[in-house]
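Scroll down for the structure; my scribbles are underneath it.
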Amino acid sequence: MTEQPIGPILDGLGTTIDLDDGDLVASAFVIAKVVEPNGDVSLALASSDGLSWIEQNGLLASAHQIVNQASIGRKDDE
């Protein structure tokens, strides 16, 4: 396994973020589903430099709450 820059990978997946003028992304925690050549599936984590495990947990917990709240209102997923 070799480390690769995540930016081009996210760009290739069409990943975007909604920001206002002047907004600054201070840190990032990326969760990715990885499909290996043999079909096995794993989870990969990447974070920006200096992001502690405590901050990772905080971002993850906050994202979990947002995703759960958003899914409550979705009727198309049923």
Side-chain angles (χ1 to χ4, degrees):
M1 196 178 296
T2 59
E3 286 193 18
Q4 301 178 38
I6 193 80
I9 296 167
L10 293 176
D11 291 344
L13 292 171
T15 306
T16 61
I17 189 169
D18 198 11
L19 299 172
D20 290 329
D21 288 342
D23 287 353
L24 171 67
V25 176
S27 57
F29 182 50
V30 178
I31 304 166
K33 173 185 170 184
V34 177
V35 180
E36 299 173 16
N38 66 3
D40 287 348
V41 176
S42 62
L43 190 68
L45 307 175
S47 59
S48 53
D49 288 340
L51 194 65
S52 72
W53 67 270
I54 294 172
E55 293 165 314
Q56 287 177 349
N57 275 312
L59 288 172
L60 183 59
S62 297
H64 188 257
Q65 287 179 335
I66 291 168
V67 168
N68 281 342
Q69 288 174 356
S71 66
I72 291 171
R74 293 183 193 155
K75 294 182 181 180
D76 298 337
D77 291 345
E78 295 177 8

Is the backbone N or O of Ile66 less than 3.5 Å from a side-chain atom of Gln69, with the two atoms forming a donor-acceptor pair by type?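 Between the backbone of Ile66 and the side chain of Gln69 there is no qualifying donor-acceptor contact (under 3.5 Å).
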Do Ile31 and Ile9 share a hydrophobic cluster, counting only Ile, Leu, Val, Met, Phe, Trp and Tyr and linking them when any side-chain heavy atoms are less than 4.5 Å apart?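 Each belongs to a different hydrophobic cluster.
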Do you reckon Leu51 sits in the same ILVMFWY cluster as Val30, going by side-chain contacts under 4.5 Å, direct or chained? no
Residues 10-29, side-chain donor-acceptor partners within the protein, below 3.5 Å, at least two apart:
{"from": "Thr15", "atom 1": "OG1", "to": "Leu10", "atom 2": "O", "distance (Å)": "3.3"}
{"from": "Asp23", "atom 1": "OD2", "to": "Asp20", "atom 2": "N", "distance (Å)": "2.7"}

Pairs flagged by side-chain hydrogen bond (donor to acceptor under 3.5 Å, both in side chains) wherever residues 57-66 is involved - sequence neighbours left out: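 Pairs touching residues 57-66 that pass the test: His64-Asn68.
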Side-chain donor-acceptor pairs under 3.5 Å in residues 40-47, sequence neighbours left out?
{"from": "Asp40", "atom 1": "OD2", "to": "Asn38", "atom 2": "ND2", "distance (Å)": "3.2"}
{"from": "Ser47", "atom 1": "OG", "to": "Gln56", "atom 2": "NE2", "distance (Å)": "2.9"}

